[in-house]
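These numbers were taken from a predicted model, which means no experiment stands behind them.
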Amino acid sequence: MLTQTLDREVVIIGSGPAGLTAAIYAARANLRPLLIDAPSDAERQTTPGGQLMITTEVENYPGFPHSIQGPELMEAFRLQAERFGTEFLEEWITDVDLSERPFILQTGNYTVNAQTLIIATGASAKWLGIPGEAKVPIGFGGNGVSACATCDGPLPGFRNRELVVVGGGDTAIEEATFLTRYASKVYLIHRRDKLRASKIMQDKAFQNKKIEFVWNTGVEEILGEGNSGVTGVRLVNLQTNETRVLPCAGVFIAIGHKPNTDLFKGQIDMDEVGYLITSHRSTATNVPGVFACGDVQDATYRQAVTAAGTGCMAALDAERFLDHLPIPMPTGDEVTIEGEHVTPDHQAIIEPDGTMIPNHVALSAQDE
Ligand code: NDP
């Protein structure tokens, strides 16, 4: 099939807070960014607009003292990116080639040549896949079921109520501990009798009188009623197979996240889970000209505001790179669009042909 070719200086993949913030900055810098995102597809679990599209109230995004609905916030991001000239392409990317610039992105209808690429494909919370967990109206997702305690824990419906957290890693412990600020009690349901979380976090949770650990237990179903939301969970003891109903007002699933990086496997450095590795001093990946922002490179903070912050950084980094200025790489050295490397100690510049020159202007005899 014939495809149309598009040549762009900045291409952004992903339309969550990171991708759209990168678009706002790149568009205002007159770089005419092209933002590509997959169409909404329940089977492939794509969510254009990112995880805020499946959230209700957002109370912690600065600038909205009376809170804002997640989808409404993302619509505002999108309109702002559009206003400055961002082009949007709703296509599923089937293949990427990052071996040389321009990078080549292949979709069903287009071949996109990108001088710089900003990856903002996010991460998806893992779900248990049990009845009651799906988004409203099929289940209680967004109405008592959540994958983010920081986002949803302080909502009025969870205050002074008994809540359930599922998982045994650092996220589960952190979420359970956070929820004890609001809840009357938090049950932490874990499928084994040992936590995976770090010892320091475990110890704090064991000392927290509001947290009750329920070991060797799985959640079979989330129970609830129409509009009023979650009323309980059906638990199964994985050693005895006995089931019981535990009443609760909310369920927080904290069994890990999966960064959306399958497309880039083997082409960009990732950690063992699949998060893209970026420099501590920039959003640069190990491929010069490819930048990553938002949850796709952040297993720790995972907030809309931190994603937006790194989206801004990625756009500024792409702009600097296109302006032939050096960008700090994960290795510590700095690289320009021409392939010149500034060594980590800043003492030398290595030209693409290997020639090494000092990184300072020679003083004339008169200056000396
Ligand atoms: P992890 O993969 O570390 O833990 C996931 C937990 O969920 C495990 O206990 C696992 O059980 C359980 N689990 C997985 N799948 C299922 C399932 N289908 N049914 C029931 N239980 C399941 O993910 P986290 O999100 O907790 O942490 C990810 C990374 O982020 C880690 O490196 C962590 O250290 C880091 N992190 C650090 C924080 C901090 O330092 N403040 C805060 C949050 C995260 P099992 O143990 O049996 O495999």
When Arg8, Arg101, Glu9 are each screened for side-chain hydrogen bond (donor to acceptor under 3.5 Å, both in side chains) with Gln115, the one that passes is Arg101
I'd like to know if the side chain of Thr261 and the backbone of Gly274 have a donor-acceptor N/O pair within less than 3.5 Å. yes
In terms of side-chain heavy atoms, does Thr283 have a donor or acceptor partner in Thr310 at a distance below 3.5 Å? no
Check the side chains of Asn216 and Asp193 for a donor-acceptor pair under 3.5 angstrom, ignoring hydrogens and angles. no
Before giving the answer on side chain to side chain contact (heavy atoms under 4.5 Å, CB included), spell out for Val219 and Val251 the whole-Å C-alpha distance, their side-chain angles and the decisive distance to 0.1 Å. CA-CA 10 Å; Val219 182; Val251 181; 5.7 Å; no
Give a yes or no on whether the backbone of Val236 and the side-chain of Thr243 come within a donor-acceptor separation of less than 3.5 Å. no
Flag, side chain of Glu340 to backbone of Glu338, donor-acceptor distance under 3.5 Å: no
N/O donor-acceptor pair under 3.5 Å between Glu175 side chain and Ala149 backbone: yes
Pairing residues for Asn359 by the side-chain hydrogen bond (donor to acceptor under 3.5 Å, both in side chains) criterion, not counting sequence neighbours: none
If you measure only the distance, is there a donor-acceptor pair under 3.5 Å linking the side chains of Ser282 and Arg320? no
Check salt bridge (charged side-chain N to carboxylate O under 4.0 Å, His left out) between Lys258 and all other residues, then give those that pass, not counting sequence neighbours. Asp262
Under 3.5 Å, is there a donor-acceptor pair linking the side chains of His346 and Glu334? yes
Side-chain (Asp95) to main-chain (Gln106) donor-acceptor, under 3.5 angstrom: no
Indicate whether the side chain of Thr285 and that of Asp269 have a donor and an acceptor atom separated by less than 3.5 Å. no
Return a table of donor-acceptor pairs under 3.5 angstrom between the side chains of residues 159-166 and protein atoms on other chains or two or more places apart.
unit_1	atom_1	unit_2	atom_2	d
Arg159	NE	Pro154	O	3.0
Arg159	NH2	Pro154	O	3.0
Glu162	OE1	Tyr187	OH	3.2

Output yes when a side-chain donor or acceptor of Asn109 lies under 3.5 Å from a complementary backbone atom of Gln4, and no otherwise. no
Strictly under 6.0 Å, is that where the ring centroids of Phe158 and Phe252 end up? yes
Taking the six-membered ring for Trp, are the ring centroids of Tyr25 and Phe84 within less than 6.0 Å of each other? no
Over 12 non-hydrogen atoms of neighbours within 6.0 angstrom of CD in Glu100: no
